[in-house]
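Each chain gets a letter, A, B and so on, in the order its sequence line appears, and its residues count up from 1. For the numbers below, each heavy atom of this structure counts, side chains included, while hydrogens, waters and symmetry mates do not. All values derive from a computational prediction rather than experimental measurement.
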Amino acid sequence: MNEIGLTPFLLLGAFLFACGVVCVAAKRNAVGILMGVELILNAANVNLVAFARFSTGFRLEGQVFALMVVVLAAAEAAVALAIILNFYNNHATVDVDKADELRG
Amino acid sequence: MLDWFQSVPGRLYVVGTLLPLAAFALLLIAGGVRALCRPFRQDGGFAGSLYWLCGGDVPLKTGAYVSTAFMGLAAVIGVAGLVIFLTDETTNTERAARWSERVDWLRLGPLETSSPPVWEKQREERSKQRRADPTRTIPEPPTPPTALALELGYKIDHLTAVVFAMVTVVGTLIFIFSLGYMKDETKEFVEDHEVTVAPAEGEPGAHGSHDRHPSLHAPGHGHDHHLKRRGRYGRFFLYLSLFCFSMLNLVIADNLFQVFVSWELVGVCSFLLIGFYYERPSASFAANKAFIVNRIGDAGFLIGILIAWTYLGTLNFEELNKRVRAPVEDSHRQLPFANEFVPVRTAKEPDRKGNPQLELPPKDEPGTHIALFPVSQIGHFDAPSTSGHGKTRPVPAQQTYTTYGAMPYWLFVVMGLGIFLGCVGKSAQVPLQTWLPDAMEGPTPVSALIHAATMVAAGVYLVGRAYPLFAPEVLLIIAYIGAITLFISASIALVQTDIKRVLAYSTCSQLGFMMLALGVGGWVAGLLHLITHAFFKALLFLCSGSVIYGCHHEQDLRKMGGLKSKMSITAWTMFVGVLAISGAPLLSGWYSKDMILSVSLAYAVIHPEHFLLFLLPAVTAGMTAYYMFRLWFLCFTGSPRDAHVHEHARESPWVMTLPLLVLAVFSVCVAWGWPLWNVEASYLGRVLHASEPVHMHDEFRALRIKEQDVHLLAGGLALGVAAAGAAIAFVVFFRKAPDANTLYATGPAWYRFLLRKWYFDEAYDAAFLKPTVQLAHLSAAADKRPTDTPHTPSEAEPPAKRFDFLTLDGFLNAIGQAMDTVGRALRSVQSGKLRAYVLALALTATVLLGMLAVLAK
């Protein structure tokens, strides 16, 4: 069985990351932005497990880190959704362009 | 106990010095207890009885008697000490051990001042080698590092013993006189007629039994509202005791630092005593003036002390003397330059180690530095020999961190001038003489104490003590300051109409005589005059005090006259004083003034360019006789010019006249010797001569010889001029007996010029006071805010008001405004647009990573 190397995994991670950033930067819907953030986090996860697989020094650490990020993402999603819900309750919209009350 | 004094009789003087301090402490504690227990005065308990014990409402006389007794005891000790000292047959070295002691107060450096045995051994070896082979150069043994020590110590020599006896005796007599003079202060309420207070409207408790400040209490009854206060009998003696202690401590001190401490204490006491009637604006003003003018002199004194401390490493008089003047001999031979300043200059070539070296300048060239010598003769100091100038073995310029091999000559002069400036302030010489006449605001016994025995004597005494430290230039300045002062003050005294002011200016003038004598090299003459003057000036002041007391505090000569029949004891004792100060033959003043004039004439003959130094005192001798006889005639002879004063005048009680009689006896015979008519034979003069600084024997030898020649001439001249002055006074004020109108304060320009004291006060006002006040006003104006908004200074404001706003405030405001501008510029960054933030983040990350990638390569 042909072993695929580290590079494709990293490319996948970079691609996912770029998608996430574009999503965060381009979307006006707050829930969409949250999805972009999830993409960014998971891009990092792909990198972590890939390194855990291919470099001998990080066999365990990479996987543990990935699990950690998953948990973190869950917590973050909970907080972010709560914020979005509150924002919606107050402004009747989830458009982040409307959330500029603290601008300078 | 007796052994303790027998082995070190100098301790007598310590006891004598501490006695007035003990009186001071007792009175202070009693006063403090009284003040603390005052709230309980109505209760019969312990605190209440303590209150009544410590004086109660009425000032207690016990304190005054105690302090007078202590002072009398000090006088007994002073006289006994003088007798013991003069009959002490021991040799010089023993005498030093018996009559001086030192203890450390503060010490920086090694404890041992004596040289360690190692150095002693090296020194012995060195001299052995030297004897074996004189041509070989032998390395110098190291000089021990000198410790910087502040010490407390006393040293009794002839001068100290005499001055100590003088201060205690005169002081005691003044204390006794004060017992009578200050009688008014023993009342519970003293009315001060010179202070008017605004009537207190509806003040409760008119007699102040529950008043917190009974001393400042003004009762509402009566149409004139003079100040009523509690008598201050005890407080007067409290200050007086502290004053005497400070002066005695100054006299026995063996180092400059202790002198300085006492010096300041004397200053504080004079402040307290001149301002004794501090409710009078003139008194508090005079006290401030005396204090502030003295500070100017003290600043100079402090500079002098610090220079001595830095370069000479010690403040002990004897050691200072040894540092600046070449030693007389070492173990081998008589040294050249014995007891002289040795001028040196920096050698062109340093030694092998690169340290700067000093050498003797060639003949007829002044040195830039003055060589300093080790205090203890450890190692061998090669005093440069006179033969072969410039070829001598150089002296190391720097030895340890505090012991220099030499100090710049100009600094040495500045040191002498600084110390002398302190003396100028204390002894009221031109240009700092203005405080002394104003000091007359104090009670008359205080004037006597300040003017005769203590404060002003301190300056002259210090010049005498620190004499070996004065470079020839400094001595010349001292002489000129003295000459100018004696003339100016005497000329002012000619026209004054206040009895005490005449005496005050006379004091200035006589102090000028002393300074002049010291400056031209008449050490004995100057200090002898200090002693004799102390007695007759105390007599004159106490007499004037007796007159003032007898005339119910009338000080104006224009209102006196014909008082001789009313107060004969005062009149005749004062006449003795007048004769003494005028220099009538065989009275004490004659001996000292004769000496001063002959020494200044000798100086003027040797240095004809300084003829003023004889001319001024000779003329002033006549002026002295004139104004003193004028004072006496105006006061005691002729017809009464003010019937009211004359009617109520009466002789003072015996407690005041007794000191006058004693002082009169002293004024006549304190300087006597045998034969009486020979000034040189004055016993007091010979005693003082014994403690004359040794270097003077050589330095002023020519002066001494010349003095013998011109003695008769100077004495005759002085006597003639004084007789002429007295005769003029006799004609003008006795024969004609002027009425009050002719003495009024108007007259030709020169008369007003003298009456206004040469406009010294006005000149100082214009030169120093006014500019200072104006500067203060200017600063205050600059600090004032413009009235409108802080950002835009209005053009309508005067520029002075905007000055501060534009500079200091302007600077601070500019910082604030800059911050404001930056903040405004940056607020657009915080747009509140989430996507813009993300974009910025992403771009920044990209740029940073890109930079990292480029830099990592």
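- Judged by distance alone, the side chain of B:Trp435 and the main-chain N or O of B:Gly425 form a donor-acceptor pair under 3.5 Å.
- B:Asp820 places no side-chain N or O within 3.5 Å of a backbone atom of B:Gly816 that could act as its donor or acceptor partner.
- Side-chain atoms of B:Tyr764 come within 3.5 Å of backbone atoms of B:Pro431 as a donor-acceptor pair (strictly under, hydrogens ignored).
- The contact between A:Lys27 and chain B is made entirely by backbone atoms, counting heavy-atom distances below 4.5 Å.
- Relative to the ring axis of B:Phe291, B:Arg295 places its NZ or CZ within 45° and under 6.0 Å from the centre.
- No other option in A:Val24, A:Leu102, A:Val22 has as many heavy-atom pairs under 4.5 Å with chain B as A:Val24.
- The most heavy-atom pairs under 4.5 Å with chain B, out of A:Asp97, A:Val21, A:Val96, come from A:Asp97.
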